[in-house]
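One structure is given below, encoded as structure tokens.
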Amino acid sequence: MKEDKTNACPCGHPSAYAACCGRFHALFTQTGQLSAPDAEALMRSRYSAYALDLLDYLRATWHPDTRPALLQPNEAGLRWLGLDVKKHVRQDENHAFVEFVARSKLGGRAHRLHEVSSFERVNADWLYRDGLLK
């Protein structure tokens with residue numbers, strides 16, 4: 001999927017990319033700042049970053065305690081097909097989790113990732129900490 005500002009957002013929200021996840025990606029690209037207002041918005045923006053291969057954004061939104069040393073770009077031919085957010089629960093001021101299903105297709109095979117992701121707010125920024133596959 002190309003970063004066309006008139007396209008629907010990869011995260012599945014009805015807003016155009018530029019008004020949805022694209023605004024978070026653009027701010028980060030321009031200033032290095034993160035700005036997702038809550039864990040669900042961050043999770044959606046991370047899904048869109050996976051779909052668009054925005055590895056710098058993914059690394060920046062990953063908690064430093066669990067961030068991998070290296071992220072690989074998408075495999076050639078991988079298509080992200082959709083995101084379904086099942087639940088967003090804010091546990092307290094600085095902790096939340098988001099349950100979601102992400103669908104993709106590679107080499108003619110469909111894949112489904114069902115995860116409960118945990119997020120932590122560090123300073124003013126929500127960061128992905130880790131996830132539990134369901």
Side-chain angles (χ1 to χ4, degrees):
M1 172 171 225
K2 298 211 184 317
E3 260 185 270
D4 182 343
K5 294 178 184 189
T6 61
N7 281 343
C9 193
C11 81
H13 195 274
S15 299
Y17 170 72
C20 193
C21 297
R23 63 191 165 125
F24 304 130
H25 299 160
L27 181 66
F28 174 74
T29 299
Q30 294 165 4
T31 68
Q33 294 178 331
L34 302 176
S35 61
D38 58 35
E40 181 179 348
L42 179 65
M43 201 284 312
R44 286 181 174 282
S45 73
R46 284 177 53 82
Y47 172 87
S48 292
Y50 274 107
L52 298 169
D53 243 352
L54 303 177
L55 301 181
D56 289 342
Y57 183 82
L58 289 168
R59 284 190 49 75
T61 58
W62 213 306
H63 195 285
D65 290 350
T66 57
R67 181 184 303 137
L70 181 65
L71 291 176
Q72 296 294 326
N74 288 325
E75 289 186 57
L78 177 68
R79 286 189 2 228
W80 291 94
L81 303 175
L83 174 70
D84 181 19
V85 174
K86 302 286 189 187
K87 188 184 301 184
H88 170 221
V89 176
R90 190 156 178 179
Q91 297 161 298
D92 60 34
E93 186 177 325
N94 295 315
H95 298 89
F97 72 85
V98 178
E99 180 179 354
F100 69 91
V101 175
R103 295 176 297 109
S104 63
K105 192 170 190 177
L106 178 63
R109 292 190 60 140
H111 301 276
R112 184 178 182 268
L113 172 68
H114 187 177
E115 181 175 297
V116 176
S117 296
S118 65
F119 295 85
E120 182 177 341
R121 192 161 61 175
V122 177
N123 300 318
D125 300 324
W126 283 99
L127 300 174
Y128 169 77
R129 189 168 243 310
D130 55 26
L132 177 63
L133 295 176
K134 298 225 20 154

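Along the sequence shown, residues are numbered consecutively beginning with 1.
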Would you check if there is a donor-acceptor pair between the side chains of Y17 and S48 at a distance under 3.5 Å?
no
On the ring face of W62, is R129 found with NZ or CZ under 6.0 Å from the centre and within 45° of the axis?
no
Testing the basics here: between F24 and S45, what is the closest heavy-atom pair and its distance to 0.1 Å?
CD1-CB, 3.9 Å
Sorted by first residue and then second, give each side chain to side chain donor-acceptor pair (under 3.5 Å) pair with at least one member in residues 101-111; sequence neighbours left out.
none
Are the side chains of Y128 and M43 in touch, meaning some heavy atoms are under 4.5 Å apart?
no
Parallel, tilted or perpendicular: which describes the rings of W80 and Y50, with under 30° parallel and over 60° perpendicular?
tilted
Supply the atom-to-atom distance Q72 CD to D53 CG, rounded to the nearest 0.5 angstrom.
10.5 Å
Indicate yes or no: at least one non-hydrogen side-chain atom of V101 is less than 4.5 angstrom from one of H114.
yes
Under 3.5 Å, which donor-acceptor pairs do the side chains of residues 90-97 form with other protein atoms, sequence neighbours left out?
unit_1, atom_1, unit_2, atom_2, d
R90, NE, D92, O, 3.4
R90, NH2, E93, O, 2.9
Q91, OE1, A96, N, 3.4
D92, OD1, N94, N, 2.8
D92, OD1, H95, N, 2.9
D92, OD1, H95, ND1, 3.0
D92, OD2, H95, ND1, 3.3
N94, OD1, R121, NE, 3.3

For D65 and R67, run salt bridge (charged side-chain N to carboxylate O under 4.0 Å, His left out): C-alpha distance rounded to whole Å, both residues' side-chain angles, the deciding distance at 0.1 Å, then the answer.
CA-CA 6 Å; D65 290 350; R67 181 184 303 137; over 6 Å; no
Please confirm whether the backbone N or O of C9 pairs with a side-chain atom of R44, one donor and one acceptor, at under 3.5 Å?
no
Please round to the nearest 0.5 Å and tell me the distance separating atom CG of L83 and atom SG of C11.
6.5 Å
N123, CG: over 12 other non-hydrogen atoms inside 6.0 angstrom:
no
Search all heavy atoms of C20 against all heavy atoms of S15 and return the closest pair with its distance.
CB-CB, 4.0 Å
